[in-house]
Structure formats: C-alpha cells, structure tokens
Amino acid sequence: MAIKGLFLFCIPLLGLAIAQPKKKVPVTQTIAYKQGKEVYKKVCLSCHMEDGGGVPRLNPPLINTTYVLGDKQQLISIVLKGMKERVAIDDEHYSNNMASHAYLSDLEVAAVLTYIRNSFGNKASVVTPAEVKQVRAIIAQSK
Amino acid sequence: MYKKSLFIIFLISAGLRGVAQPNAGLTIPKGFTAVKLVDGYGKVRHIAVTPQGGIYVKLNKLYKSKGILYFKENTTTHQYVLTNSFGNYTGTGIYVKDQYLYASSDEEIFRYKLNEQGDVINTEAPEKVVTGLPSKGEHESKSIVLDNSGNLYVNIGAYSNSCQEQDREKGSMGMSPCPVLNEAGGIWRFNANGNNQTQKAGTRYATGLRNVVGLDWNTQTNSLFVMQHGRDQLHDLFPSLYNAKQSAELPSECMYELHNGTNCGWPYIYYDHLVNKKIVAPEYGGDGIKSTTDYQNPAIAFPAHLAPNGLLFYTGNKFPAKYKNGAFIAFHGSWNRAPLPQEGYYVVFVPFENGKPTGQWEVFANGFAGAIKTPKGAEHRPCGLAQDATGAIYVTDDSKGTIYKITCTGK
C-alpha cells in the first residue's frame, strides 16, 4: 500500500523531470529569429530572394552553402565587409557584388545570421551579438 | 476491376503528360507555331543562324567541355542534331556575317571561317579579332554584332551598379566623373577583319550605357540599337528617397538608337517611363524628381528590371506585315521587383515605322517560366534571338538550354 502510494506520488515528479529540459524554445520562436527575418526582408531579400534561392549567375543561394553553415567568423565578416571575391560558391560563380553592411548593429547582424542559419532548410547554431562585436573589432584592427 | 481502372487512368495521365504541349508550352499569337528544337544544353546564351539554316549557340557554361554548339536539321527526320561542338571558353556573344562565325568570351572575340555549307572549317584555329577586354565580374558578358561596313560592335558592361564609391553600399555617393566609363559602360567598335586588337585599337562608339546584352544592327536605319539593363536598388541604397515599390518600378529598361559619340547618361541619370523624363541619379544629387534634358532619349522605354537579353529586328517576309522591320526583345525576367511580383520571362514585339517605334509594345511569346516567375523557379528564361533566311525566328533559354523556333503558319 505504502509502496503504491509512493509510486503514485512519484508520477507527477517524474513528469516534471521530463518536461523540464523540453522547455527550450526552438530557434524559430525566438525574438532574435523574428528580428532577423525583418532585417533579412529589408536588407538581403532583394538579392538573395525570399526563399534564399538567390539568382542564378548573379547572387548566390543561402541554402546549405558552406559559407552559411560553416565558420561563424567568416560568415559575420561577409556581412560586415561585403564579398567581391567571386570565388566558386559550391561550384557556381556569381557576378554581382555584395556591399559591406557594417552599418547594421551587432544585434541586427547576429539576428539576420541566426535567421538565415535556421531558414530555407538550414539548421545551424545561433550567432550572438558578442560574436559579431568580436569580428568587428578584428576587422577594425586589421585596417 | 477498381484497380484496373485506376491503372488505366494512370496510363492516360502519364500519356498526356508525355505528349508535347501545343506550341511547346508557349502562348503566341494566332497563326504562329512554336516548337522546341533541342533541350537540355544548359546555359545557352546568344544564337546565330547561318544562311543555310545551321544553328550556332554560345554557352555560358561548358557542355561536355565545349562552349559553342552547332545544330543542323536532319533532312529526313527533320530533327535538329548536335553536329559539332568546339571552343573551350564560355561567353555570351555569337554572330554570323560574311562567311565568318564570330564568338566572344568575356575578354576576347574570335572568328571562324565558314565553308559553303555554313560549317566551321577549322574549329581549332580561330582568328583572335579582339583581345584583353576588361572583365571584372559584374556585367562581364560581351555581346557582339556587325554592321554592313566591316565593323564589329561589342558591349563592355560597367563593372558597377551606379558608379558609387562603394558599389551597392547604402548611401555611398557617385564618383565624379565616373572612372568606369573610361574602359567600360559603353559600346566599343572594332575592325571586324582585324587581328589581336586591344581595347585601345577600338573606338568608344557610345557611352553612358550601364550594361547591354541585347543589341542588333537595324538595316533600315543603318544604325545600331541596344537594350540597356537599368540600375538596381534605388530603395536599398537611398531609402529616404525611394520606397520599395518605387524601386521595383524604376528605372525603365531602355532601347537606344546609337551613333558615334552617343551618350546615354549612366550613371548620372536614369529614365523614368512613368513621367517620361531623365531623372538625376541619387548618387549624383538627385532626389527622385530633379530631371535633365542632357543625354540621349530612349527610342522606347519598358518597365523596370525585366532584363532585356536579346534584340532582333525582323527583316523576313513570313510574318504578317506589321512585323516587318519591327523589334523582338527577349526579356530574361526580373529578380529585383520585390515586393511586387517578378516580371518579364517573355518575348515582346515593338512595331516600327520609318525607323522609329510606334510607341506600343506587346507580349509576343509568353509562358517560358511555367508556373513560377522567379529566376530560380522559372523553367525557361528567354535570352537570345535570331532569324533565319526563311523568316522563322529562334529563341534560346539559358536556364535549361532549350532552343525554340517560331514560324508563321497562318493557322
């Protein structure tokens, strides 16, 4: 009897224990992601398109590219410095120029990169304003 | 029984899908017929048809390591077959004139001697007519055309959107005078029979043209006509002067008639077809309203960002009389008309009278894109145009590499 009582008492506890770590909000529900989407619409969409698919030969896609999913420092510096290297991006060349977007705040850059790393089928870690700040400092030093 | 009828329905629908759509899926005026001659060759840019009816196309991505393809009609099956392929360079321009095939990479122009059948005699030893043209990424393609006096015209596109100090950077102002214009942003003229001509050996025939892809020699006016790709991003770069919708609708895509020395005004101005004025660019002190009477007026102006990639004056006799000496334009289709839907992805026709457009243009062939009119979603994107000796016209697609032939059958 006592054992059974103890057992019944345990069930809600167990439930709590399981529910606790699940409370984590998915990235797409965060404020950063939503802010990032707004920045994307205002600043990046015209070239990289609404679906992140880009424009063949002109502007590269942001879907599963090594730049979007890869090294965050490099990704942040693309937004801050722009990109005119015309390197092959996953085997294709794109002839447009991407300008520097250094006028965006650390928060906006972090948000937009968090957004693109978790949209269009991408899944990658978030980018924080602190990380952007750090890359901005490195760029300023190397000038 | 139930299963069997399902199976039959499946067979019928599969069969229907297999059957070619009428007019290769295009919407064209009554009395015309369109067919796909070939399909699947990738980035097929411009096209030239020999007097004998052979088709040369220039590729922007090598097909089996070749950049020029040659198709001929099999006289028994009437299928077009890939007869030859050569040239290990990519590019856009191709043109046939006086027993020569001219073709361009983004830096050089070559020519190949043709035999009586219109076949290239030696694919491995072209003459290098022009060499060392600037190609700095943006607007790198070199379109070409010849006149009837031994001159070769080539577009050298500006490697810039609007000659800002920092290309495409928000608020960055224009360089004055724009240094890009010294070596790009115009049409250069060369001797079509010359050898190894550098840019300096040519003349800057016309300037103030941001980028031209479609161009043609008008044999009626005996002058060069070009289609300019207008600038991008008025709103992105100057949000306090232009809202997103204005940026989607401006500036016009312009057709210009050129003569030696013509200046069309890029980057200092752009054309606004909604008010029919040349507007001072925001990079050069404009406010979206201030206009000027300087610079060449367009022969006709089209909505913004449609990307005219092919121009052809129709000189044949097979189409109804209104088409004679008028212009066909292949609009590749826009990418920066958001928040409005993307536009273009069609071939339009502009009737001409006495060497001038009559002011009305109409969509001639539509439906290239299929269900989705976006650069990536479009099934086909019209790019190059040509006419053959019988009066049929050809349209290339640089998305899937389709070549269409449009004839007038009167039915």
Side-chain angles (χ1 to χ4, degrees), chain A residues 37-65 68 77-105 108-109 112 116 119-122 136 139 143, chain B residues 42-43 45 60-61 90 92 106 135-141 157-162 164-172 211 213 229 232-237 239 243-244 247-248 305 307 309 332-342 372 374-378 381 383 397-400:
Chain A
K37 185 173 183 171
E38 288 314 304
V39 177
Y40 185 82
K41 280 204 321 216
K42 248 175 68 188
V43 185
C44 326
L45 179 146
S46 68
C47 292
H48 292 288
M49 311 299 284
E50 192 160 13
D51 62 357
V55 181
R57 295 184 59 247
L58 273 181
N59 306 317
L62 301 178
I63 303 171
N64 270 318
T65 70
V68 173
S77 83
I78 287 175
V79 174
L80 293 180
K81 287 170 61 175
M83 189 169 175
K84 313 182 167 73
E85 280 77 27
R86 250 164 291 285
V87 290
I89 297 164
D90 295 344
D91 269 348
E92 289 282 343
H93 278 90
Y94 298 91
S95 63
N96 217 342
N97 283 339
M98 174 165 161
S100 147
H101 290 80
Y103 69 89
L104 295 173
S105 68
E108 287 171 315
V109 174
V112 76
I116 65 170
S119 302
F120 325 128
N122 298 331
R136 212 189 279 270
I139 292 170
K143 262 183 188 167
Chain B
K43 300 185 177 169
R45 298 283 284 175
N60 207 23
K61 187 168 195 177
T90 58
T92 290
D106 292 342
S135 170
K136 302 187 178 172
E138 237 174 312
H139 308 142
E140 72 284 17
S141 70
Y159 35 88
S160 168
N161 174 38
S162 51
Q164 290 170 288
E165 274 162 33
Q166 296 300 326
D167 188 34
R168 295 179 191 264
E169 200 164 303
K170 186 173 168 183
S172 172
N211 187 33
V213 186
H229 280 223
D232 304 324
Q233 295 187 284
L234 284 166
H235 167 69
D236 291 349
L237 305 177
N243 64 36
S247 192
H305 311 305
N309 273 10
H332 201 217
S334 67
W335 56 271
N336 55 352
R337 280 178 69 91
L340 301 181
Q342 302 301 335
I372 308 165
T374 65
K376 205 147 191 169
R381 302 185 76 188
C383 184
D397 145 47
D398 68 352
S399 176
K400 298 260 162 44

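As a basis for the values below, the full set of heavy atoms in this structure was taken, side chains included, without hydrogen atoms, waters or symmetry mates. First the proteins, then the strands, lettered A, B, ... as listed; each starts at 1.
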Bottom line for B:Asn161: the part with an atom under 4.5 Å from chain A's heavy atoms is neither

For atom CD of A:Glu50, decide whether the heavy atoms of other residues, nucleotides or ligands shown that lie under 6.0 angstrom number more than 12. no

For B:Arg168 and A:Asn97, the nearest pair of non-hydrogen atoms, with its separation, is CD-O, 3.3 Å

Okay, B:Glu140 and chain A: the region with an atom under 4.5 Å from a heavy atom over there is side chain

Indicate yes or no: at least one non-hydrogen side-chain atom of A:Arg57 is less than 4.5 angstrom from one of B:Pro375. no

Rounded to the nearest 0.5 Å, how far apart are OG1 of B:Thr374 and CE of A:Met49? 6.0 Å

What part of B:Asp236 lies closer than 4.5 angstrom to a heavy atom of chain A: side chain, backbone, both or neither? side chain

Given a strict heavy-atom distance threshold of 4.5 Å, which part of B:Gln164 is in contact with chain A: side chain, backbone, both, or neither? neither

For B:Lys136, is it the side chain, the backbone, both or neither that has a heavy atom under 4.5 Å from a heavy atom of chain A? backbone

Pairing residues for B:Ser247 by the side chain to side chain donor-acceptor pair (under 3.5 Å) criterion, not counting sequence neighbours: none

Quick one: does B:Gln166's side chain get under 4.5 Å of A:Ser100's, heavy atoms only? no

Under 4.5 Å from any heavy atom of chain A - which part of B:Lys376: both

Going by the rule ring pair (Phe, Tyr, Trp, His ring centres under 6.0 Å), which residues pair with B:Tyr159 if we only count those two or more places apart in sequence or in a different chain? none

